[in-house]
S.K.: 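Okay, handing you the structure first.
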There are 2 protein chains.
Amino acid sequence: MGSADVPDIVIGRLPIYLRALNFLLEEGKEITASQELADKLGISSAQIRKDLSHFGEFGKQGTGYEIRYLREQLRKILKVDREWDVALVGAGDLGHAIAHYGNFDRNGFHVVAVFDHNPRKIGAKMGRFRILDSESIPTVIQDMGIQIAIIAVPAESAQQVADTLVEAGIRAILNYAPITLNVPPGVQVQYIDPVVYLQRMTYYL
Amino acid sequence: MGSADVPDIVIGRLPIYLRALNFLLEEGKEITASQELADKLGISSAQIRKDLSHFGEFGKQGTGYEIRYLREQLRKILKVDREWDVALVGAGDLGHAIAHYGNFDRNGFHVVAVFDHNPRKIGAKMGRFRILDSESIPTVIQDMGIQIAIIAVPAESAQQVADTLVEAGIRAILNYAPITLNVPPGVQVQYIDPVVYLQRMTYYL
DNA sequence: TAGATTGTTAATCGATTAACAATC
DNA sequence: TAGATTGTTAATCGATTAACAATC
């Protein structure tokens, strides 16, 4: 994972910067400085400037950064200056919440297909979505040219679902199943396992 | 954040190891080796051994690790060899999914109180939970001695909720709101913003 | 014993930070 | 101009990895 040039860890921080810029804009701010962002995010201003310097010069000495401009640049870098179609596999409680999560649409990620393999659910509606048969994953994904998928199935079936998705052409997977997936090089995976996050905190309690 | 001794980044990997051990046990395995774990998790065997060496010697030369024993040790280290009560703030779609997420209970994290400030929801049932008034957060948290909270409210109210929680004695927050929280030293925060994870992948597409 | 794998050391690699010249 | 803040360099810090003696 990760192209040769910019470290993954830097890429990983850009969405956080982007989120902070959105926040500042909503507050009515037009200009910010690395120090202001640093204070808000709890990281050093030097790191923010260094991270940004991988991609260009976006600020002005003595002044700081024009928020709207920097945001636009970050959006281009992250390729979120466009709309992305997303496939969702798993129509349980979690899938339901994901399908109806407003922040996805607000940020240009649109769930356009929901799959489940439970015969009782296939064909039924979940909110505004018609639940599709998991069997149709390959054809639907290929026909619609979807590149991003979200896995919200039990751990037992997650690897198999991932295999099917990758085979169908998916290149980025957001995995909610509590299991490390095995995928070929070039396929991105990000993990969301809330239990892991809780366990990272109990150590300190 | 982070005590002096063991690096945060090491603590962060322990839950992943623990998850893998559970998986191996379910597969019926009794013994494993750092190399086997490494292959499964996509990290180096040296790193796994080094991480574990911060806490003791859990393996046997020539053989590897007794899975059940290593799991027990990790559970003790992470303090997940016990049950934890959790408060949930926000009874929307997301809160609903969180409250009913089976993996929490299965891993010793028990949602014992659900709060919302919407008068239409207060007093109503959400699954097996009676929704409590956010106003009662301080008293309920203190009376029940809850240390861990999950925030599932809109970004606009998340900081205010966090302040209330911290004031009430919460020491670990799992934050689903897309905003970086400001909390005093000693209070743990972990973030789950699915949009951030998606944006970390689009860069590579 | 021979083979395998740990725990640990030392080397390497990479990330963060401090500091400051450049400049708005 | 004086003050502020960037972009960047070099130094520091920390994490990862390679290698191997110890030993099961």
S.K.: Mind checking the CG-OH spacing from A:Leu24 to A:Tyr65? Nearest 0.5 Å is all I need.
M.R.: 13.5 Å

S.K.: Do B:Asp51 and B:Gln47 meet the criterion of a side-chain donor-acceptor pair at a distance under 3.5 Å?
M.R.: no

S.K.: DNA chain D: B:Arg13 or A:Lys50, which has the more 5' nearest nucleotide?
M.R.: A:Lys50

S.K.: When B:Phe109 is tested against each of B:Asp85, B:Val80, B:Ile150 for side chain to side chain contact (heavy atoms under 4.5 Å, CB included), which residue passes?
M.R.: B:Val80

S.K.: Rounded to whole Å, please give me the gap between NE2 in A:His54 and P in D:dT9.
M.R.: 12 Å

S.K.: Between D:dT17, D:dT6, D:dC24, spot the one nearest the side chain of A:Ala33, thanks.
M.R.: D:dT6

S.K.: Could you state the interatomic distance from CD (A:Gln199) to CG (A:Asp193), rounded to the nearest 0.5 Å?
M.R.: 7.5 Å

S.K.: For atom CD of B:Glu72, is the number of surrounding heavy atoms from other residues, nucleotides or ligands below 6.0 Å larger than 12?
M.R.: yes

S.K.: Rounding to a whole Å, what distance do you find between A:Gln35:CD and D:dG3:C1'?
M.R.: 16 Å

S.K.: With a 6.0 Å cut-off (strictly less than), is the heavy-atom count around NZ of B:Lys60, excluding the residue itself, greater than 12?
M.R.: no

S.K.: Look at the side chain of A:Tyr65 and decide which nucleotide, out of D:dG7, D:dT16, D:dC24, has an atom nearest to it.
M.R.: D:dG7

S.K.: Tell me whether the OP1 or OP2 atom of D:dT17 has a side-chain N or O from B:Ser44 closer than 4.0 Å.
M.R.: yes

S.K.: Over how many whole Å does the gap from B:Gln47 atom CD to C:dT12 atom P extend?
M.R.: 19 Å

S.K.: So for the helix from C:dG3-D:dC24 to C:dC24-D:dG3, with five pairs setting each end axis, what is the inter-axis angle to 10°?
M.R.: 20°

S.K.: Taking atom P of C:dT16 as reference, at what distance in whole Å does atom CG of B:Asp8 sit?
M.R.: 13 Å

S.K.: What is the separation between atom CD1 on A:Ile43 and atom P on C:dT17, rounded to the nearest whole Å?
M.R.: 9 Å

S.K.: Of A:Asp51 and B:Leu52, whose nearest nucleotide on DNA chain C comes first from the 5' end?
M.R.: B:Leu52

S.K.: How many Å lie between CZ on B:Phe55 and C1' on C:dT6, as a whole number?
M.R.: 17 Å

S.K.: A:Phe104 vs A:Tyr101 aromatic rings, parallel, tilted or perpendicular, using cut-offs 30° and 60°?
M.R.: perpendicular

S.K.: Within less than 4.0 Å of OP1 or OP2 of C:dA18, is there a side-chain N or O belonging to A:Arg49?
M.R.: no

S.K.: On DNA chain C, compare the nucleotides closest to A:Ile9 and A:Gln61; which residue's is nearer the 5' end?
M.R.: A:Ile9

S.K.: In whole angstroms, how far is the C1' atom of D:dC24 from the CD atom of B:Glu66?
M.R.: 15 Å

S.K.: Taking only the side-chain nitrogens and oxygens of A:Ser34, find out if one of them lies under 4.0 Å from OP1 or OP2 of D:dT5.
M.R.: no

S.K.: Could you give the CD-to-C1' distance, from A:Glu57 to D:dT5, as a whole number of Å?
M.R.: 13 Å

S.K.: If you check the A:Ala46 side chain, which of C:dT8, C:dT17, C:dC24 turns out closest?
M.R.: C:dT17

